[in-house]
Amino acid sequence: MTILDGKNTALLIQDEIAQEVQTRIQAGKKKPHLAAILVGNDTPSQTYVNGKVEACKRVGFDSTLIHLDENISEENLLLEIQKLNENPQIDGFIVQLPLPKYINVDNVIKHIHPDKDVDGFHPENVGKMNKNQPCYISATPLGILKLLEKYEIQTSGKHCVVVGRSQIVGSPMSILMARNEKIGNCTVTLCHSKTPNLAEFTMQADILVVAIGIPNLITKDMVKEGAIVIDVGINRVEDATKKQGFRLVGDVDYTETAPKCSFITPVPGGVGPMTITALLYNTLLACKWHKD
Ligand code: NDP
């Protein structure tokens, strides 16, 4: 069994990005600049955004964090987005999700200029991804593709089962794994909460991608011997032995399942760091596509 070490792989890719930033600066070109909008005081969201800002520093990007009040109106949020759309210094930006319930997320995403939509959530980018055209691929699926690539995992002809059909992870992942690309060419099954007998499908997976948000839902008896398992889930479970009072676990019961797998991502330290790195990659692309 090999652990797919997202933490180290992310650092390696970040080093490559940092090198490219230095080369750009030496050539008198623009430094990439990522902005993030954070609404309210949700603790996990703050942690994720801070991680993104830290990663920007590490690779030599400029970054801007716009922290907005939790009661901001949708109209005022759209005005902030408009400012970023029009600011030539900002190459790409994200609106950290989730947003407060009264805000229409689809409407917010629609107002991000597709050229600056480095999260790859805008319908134009989603459409281009479906048509296999140059676009920003959403960060978590892109991070997973890069992890599979770095570990030289052969995907062609394999059966990939994706559990979870969210717009940001499961659905794009299922499309990407079916594309006629080096990391792709899988036969794909997409499962969700209405799938009866989930184990019947997960047992068939050569590559199992799980993005559900339920701690340890996938147990060892649901995974085929030798499977490649990508656990996207990040769940907080109470743990009195930890200073914060919780620990992070995935959607897959790692301890029991890992010995059966050929490759598996840990949680934390698997998909999470790759997601941040994919966002940096997209921001560098934005700078190259629209400023060079
Ligand atoms: P969503 O809540 O948007 O989607 C969850 C999906 O899981 C839905 O499609 C749902 O089905 C499906 N589902 C729920 N229960 C079951 C079940 N019992 N059996 C099968 N399918 C089920 O979640 P996200 O995709 O946004 O996130 C999933 C997890 O990944 C979370 O833990 C999140 O924190 C984590 N995450 C991690 C990231 C990283 O960088 N590592 C990035 C993004 C998310 P239905 O559609 O029918 O409701």
Side-chain angles (χ1 to χ4, degrees), residues 3-7 9-10 13-14 36 38 42-52 54-55 94-99 101 105-106 109 118-121 126 136-148 160-177 188-205 208-219 221-223 229-237 246-254 264-282:
I3 294 173
L4 293 167
D5 185 341
K7 199 170 165 193
T9 309
I13 298 174
Q14 287 183 18
L38 173 66
D42 177 58
T43 312
S45 293
Q46 277 177 338
T47 309
Y48 295 141
V49 167
N50 290 339
K52 289 166 189 176
E54 278 305 310
I94 61 154
V95 178
Q96 183 66 43
L97 302 180
L99 289 170
K101 294 260 184 297
V105 179
D106 286 342
I109 289 172
V118 285
D119 251 342
F121 294 164
V126 176
Y136 306 118
I137 294 173
S138 72
T140 302
L142 179 60
I144 296 171
L145 296 188
K146 290 194 170 294
L147 190 59
L148 293 171
C160 176
V161 177
V162 180
V163 190
R165 59 176 162 185
S166 71
Q167 293 299 313
I168 63 169
V169 190
S171 291
M173 199 62 218
S174 68
I175 291 160
L176 292 163
M177 292 305 277
V188 176
T189 302
L190 181 58
C191 301
H192 44 77
S193 71
K194 309 294 184 295
T195 303
N197 304 323
L198 183 62
E200 208 175 279
F201 295 94
T202 58
M203 278 300 288
Q204 293 176 39
L208 179 62
V209 181
V210 188
I212 311 171
I214 302 178
N216 302 327
L217 185 89
I218 303 293
T219 50
D221 51 334
M222 296 170 79
V223 176
V229 174
I230 309 292
D231 188 356
V232 183
I234 302 177
N235 308 293
R236 289 180 172 204
V237 294
F246 68 87
R247 72 195 146 86
L248 297 179
V249 300
D251 293 341
V252 178
D253 182 343
Y254 183 89
I264 186 167
T265 55
V267 177
V271 176
M274 293 303 296
T275 296
I276 294 184
T277 303
L279 180 67
L280 298 174
Y281 177 88
N282 280 345

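First listed ligand is number 1; within each ligand, the first listed atom is number 1. Residue indices begin at 1 and follow the sequence shown. We use all heavy atoms of the structure for the numbers below, so side chains are in, but hydrogens, waters and symmetry mates are not.
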Among Gln167, His192, Arg165, closest by any non-hydrogen atom to atom 46 (O) of ligand 1: Arg165
Which is closest to atom 6 (C) of ligand 1 in terms of heavy atoms, Gly164, Ala139, Gly270, Gly250? Gly164
What's the shortest distance from [atom] to any protein heavy atom, and which residue and atom give it?
{"atom": "atom 2 (O) of ligand 1", "answer": "Ile212 O, 4.2 Å"}
{"atom": "atom 18 (N) of ligand 1", "answer": "Leu217 CD2, 3.9 Å"}
{"atom": "atom 35 (C) of ligand 1", "answer": "Val232 O, 3.5 Å"}
{"atom": "atom 47 (O) of ligand 1", "answer": "Ser193 OG, 2.6 Å"}
{"atom": "atom 31 (C) of ligand 1", "answer": "Gly213 CA, 3.6 Å"}
{"atom": "atom 42 (C) of ligand 1", "answer": "Thr140 OG1, 3.2 Å"}
{"atom": "atom 43 (C) of ligand 1", "answer": "Val169 CG2, 3.8 Å"}

Heavy-atom closest pair, residues [X] and [Y]:
{"X": "Met274", "Y": "Gly6", "answer": "SD-O, 3.6 Å"}
{"X": "Ile212", "Y": "Asp251", "answer": "N-OD2, 2.7 Å"}
{"X": "Ala139", "Y": "Thr275", "answer": "CB-O, 3.5 Å"}
{"X": "Arg236", "Y": "Leu248", "answer": "CG-CD2, 3.7 Å"}
{"X": "Val249", "Y": "Pro215", "answer": "CG2-CB, 3.6 Å"}

Can you find a non-hydrogen atom of [X] under 4.0 Å from ligand 1?
{"X": "Val163", "answer": "yes"}
{"X": "Gly272", "answer": "yes"}
{"X": "Cys191", "answer": "no"}

Ligand-side contact atoms (ligand 1) for residue partner [X], heavy atom cut-off under 4.0 Å:
{"X": "Asn235", "result": "32 (O)"}
{"X": "Ile214", "result": "15 (N)"}
{"X": "Gly233", "result": "29 (C), 30 (O), 32 (O), 35 (C)"}

Side chain proximity check, Ile109 to Val95, heavy atoms < 4.5 angstrom: no
Using a 4.0 Å heavy-atom cut-off, say whether Thr275 meets ligand 1 through its side chain, its backbone, both or neither. side chain
Does only the side chain of Ile168 get under 4.0 Å from ligand 1, or the backbone, or both, or neither? Count heavy atoms. side chain
Look only at interatomic distance and state if [X] has a nitrogen or oxygen under 3.5 Å from any nitrogen or oxygen of ligand 1.
{"X": "Ser166", "answer": "yes"}
{"X": "Ile234", "answer": "yes"}
{"X": "Tyr48", "answer": "no"}

Quick check: are there more than 12 heavy atoms from other residues, nucleotides or ligands sitting under 6.0 Å from CZ of Phe121? yes
Does the protein put any heavy atom within less than 4.0 Å of atom 13 (N) of ligand 1? yes
Name the one of Leu4, Thr277, Leu142 that satisfies side chain to side chain contact (heavy atoms under 4.5 Å, CB included) with Leu147? Leu4
